[in-house]
There are 2 protein chains.
Amino acid sequence: MKENSVPEATVARLPLYLRSLVDMTERAVATVSSEQLAEAAGVNSAKVRKDLSYLGSYGTRGVGYDVEYLIYQISRELGLTQDWNCMIVGVGNLGRALANYRGFGSRGFRVAALVDSDTAKIGGRVGDLEIEDFEDLERIAKERQVSIGIITTPAAAAQGAADRLVSAGIHSILNFAPALIQVPDDVSLRKVDLSIELQILSFYEQRKAAFDSVRRARRLTGSAARSTRP
Amino acid sequence: MKENSVPEATVARLPLYLRSLVDMTERAVATVSSEQLAEAAGVNSAKVRKDLSYLGSYGTRGVGYDVEYLIYQISRELGLTQDWNCMIVGVGNLGRALANYRGFGSRGFRVAALVDSDTAKIGGRVGDLEIEDFEDLERIAKERQVSIGIITTPAAAAQGAADRLVSAGIHSILNFAPALIQVPDDVSLRKVDLSIELQILSFYEQRKAAFDSVRRARRLTGSAARSTRP
DNA sequence: ATGGGCTTGTGAACGCATTCTCAAACCCGA
DNA sequence: TCGGGTTTGAGAATGCGTTCACAAGCCCAT
């Protein structure tokens, strides 16, 4: 029943549930139904129940789920009962912003290293971290037990950064550079791409604009248009 | 055949194709097959053909697609033949990084305004833009014809920011704040959530670690384990 | 002009994820 | 202890997206 293979789509929602549940403990809520959790996380209740059922049977029929216990189970499933060290590769605007991001550590993630290949930047500081040489990436990753690499380089440098992270034994990478990068099968790669998100919004925005202009045209020629369909 | 409704999944991939195609023109490639484009975009060729077929029949059998023409068609479909003005709400580390982001404008997006509710920040500059008062959001949005709102506030302020953007007549929002926000049905909302991405990576990272330790254990107790199954 | 070699476009099959539905299980009050 | 009200957990149905497979169509060499 339990055991292997939580669907990807479910994994992607677990952090949402977790966040909602943490909010609830802060409001001293002890128990939550799938209906309530669904509302808080912005999904529907059947999905919540199915998702949680992949982790096990942690609810109580007629009652709901114990908030604390569910937080623990989801955290465990997501591997958040331990801390993870991250390395940021590429200290531009975005890399700097991420390095300063509070609430990064809130859920067990710690920026343990910043590297860049620009000699003008190496040796500089961001917060209480020093910017180190990209060439020392492997050594640094090993010393600090980095397990997650975050790429915030320009697009052209992204593949090189990924290659070095992989050769340093890292197999979880989050790529912010607007470029497709290739990694071996055993490496998890996720990407966040601002310009793609904007282009998707643009698509729907344009569609709305087109629809609106049709409506405007209809309103103007309303009677004529209607008269063509008696 | 053509007409309405390009599937969401396809819309999300069009920007990828577009990027690959633009790379190709820079390398003076005139024609591309679905196979080549698939390789460049990191998907498979059947998907490319199906996706492109939603836009129309722009390929030539036995030959492939004309790169320039395809760029034009995809750009048109995505609404990138016009410029879009964006407003960044919340000028913290991330907001500042986005405001400075070059290549933002590369594909027709322009940061037209920065607003924040912190009086200490208002009046300050980021690049050649002034930080303005959040309270003036509606007026600014109208004056500058902003159509996309980018929320980079703390989580607690995100819903308020969204509400104001909506009331300013904006119906495309990109949310970077780690919070669920509610918008009316006619508003497109996309979210980018760093901590969720990290938690997803953590899940798979943990799974790998668990698997590795099983392998290690097997190696140690290999013969004994095997002997239990004769 | 014809045939061979490619590549597109698309119907059909498949698979994964979501949603529906309801029996099983729990709590609580009488 | 029993019955009513509530909620989970999971089988079944549905829907969406991906992949397969191949006919249709194009180019080029002969």
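To find a chain, count down the sequence lines: A is the first, B the second, and so on, and within it residues start at 1.
- Considering every non-hydrogen atom in both B:Pro15 and A:Gln199, the closest pair reads CB-OE1, 3.3 Å.
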Give me, pair by pair, the N or O atoms of the protein and of nucleotides 11-14 of chain C that are less than 3.5 Å apart, along with how far apart they are.
from	atom 1	to	atom 2	distance (Å)
C:dG11	O6	B:Lys50	NZ	3.3
C:dA12	N6	B:Lys50	NZ	3.4

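- Checked against salt bridge (charged side-chain N to carboxylate O under 4.0 Å, His left out), B:Glu8 has no partners two or more places apart in sequence or in another chain.
- Taking every heavy atom of residues 16-34 of chain B and every atom of DNA chain C, pairs under 4.0 Å involve B:Ser33, B:Ser34, by number.
- By the salt bridge (charged side-chain N to carboxylate O under 4.0 Å, His left out) test, B:Glu197 is found to be paired with A:Arg190, residues two or more places apart in sequence or in another chain being considered.
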Protein N or O to nucleotides 14-16 of chain D N or O, pairs below 3.5 Å:
none

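- Contacts classified as salt bridge (Lys or Arg N to Asp or Glu O under 4.0 Å) and involving residues 14-40 of chain B (residues at least two apart or in different chains) are given here: A:Asp193-B:Arg19.
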Let me check something: any side-chain donor-acceptor pairs from residues 59-70 of chain B under 3.5 Å, sequence neighbours excluded? List them with distances.
from	atom 1	to	atom 2	distance (Å)
B:Asp66	OD1	B:Glu68	N	3.3
B:Asp66	OD1	B:Tyr69	N	2.9
B:Tyr69	OH	B:Gln73	NE2	3.1

Between protein and nucleotides 26-30 of chain D, what N or O pairs are separated by less than 3.5 Å?
from	atom 1	to	atom 2	distance (Å)
D:dC26	O4'	B:Arg61	O	3.3

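- If you take OH of A:Tyr65 and C1' of D:dT7, they are 9 Å apart, rounded to a whole angstrom.
- Residue B:Lys208 comes nearest to A:Ser172 through the heavy atom pair NZ-OG, 4.0 Å, listed as atom of the first residue, atom of the second, then distance.
- Closest to the side chain of B:Asn44, out of C:dC20, D:dT19, D:dC22, is D:dT19.
- In this structure, the side chain of B:Trp84 does not engage the main chain of A:Leu198 through any donor-acceptor pair within 3.5 Å.
- Listed by first then second residue, pairs satisfying salt bridge (Lys or Arg N to Asp or Glu O under 4.0 Å) with a partner in residues 146-155 of chain A number zero, not counting sequence neighbours.
- Between B:Tyr58 atom OH and C:dG9 atom P the separation is 11 Å, expressed in whole Å.
- B:Arg49 places its CZ atom 15 Å from the P atom of D:dA23, with the value rounded to the nearest Å.
- For B:Lys47 and D:dC20, the NZ to P distance is 11 Å, given to the nearest whole Å.
- Applying the salt bridge (Lys or Arg N to Asp or Glu O under 4.0 Å) rule to pairs touching residues 151-161 of chain A yields nothing, sequence neighbours excluded.
- B:Arg49 is linked by a salt bridge (charged side-chain N to carboxylate O under 4.0 Å, His left out) to nothing, counting only residues two or more places apart in sequence or in another chain.
- Distances shorter than 4.0 Å separate none of the side-chain N or O atoms of B:Tyr54 from OP1 or OP2 on D:dT18.
- Side-chain N/O atoms of B:Asp51 and B:Tyr17 include a donor and acceptor closer than 3.5 Å.
- One interatomic measurement links the two molecules: CG of B:Leu37 to P of C:dG9, which rounds to 12 Å at whole-angstrom precision.
- For the residue pair A:Ser167 and A:Glu138, a side-chain donor N or O sits within less than 3.5 Å of a side-chain acceptor on the partner.
- Residue A:Asp51 contributes atom CG, which lies 12 Å from atom P of D:dG9 at whole-angstrom precision.
- For D:dT18, the OP1/OP2 oxygens have a side-chain nitrogen or oxygen of B:Arg13 closer than 4.0 Å.
- Going from atom CG of A:Asp66 over to atom P of D:dT8 covers 13 Å, rounded to whole Å.
- If you take CD of A:Gln36 and P of D:dT8, they are 9 Å apart, rounded to a whole angstrom.
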Indicate every side-chain donor-acceptor pair of residues 145-158 of chain B with a distance under 3.5 Å to a residue at least two apart or in another chain.
from	atom 1	to	atom 2	distance (Å)
B:Thr152	OG1	B:Val89	O	3.2
B:Thr152	OG1	B:Gly90	O	2.5
B:Thr153	OG1	B:Ala158	N	3.4

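- A pairwise comparison of heavy atoms in B:Tyr58 and B:Arg76 identifies OH-NH2, 3.5 Å as the closest pair.
- Candidate nucleotides D:dT19, C:dT18, D:dG17 were compared by shortest atom distance to the side chain of B:Pro7, and D:dG17 ranks first.
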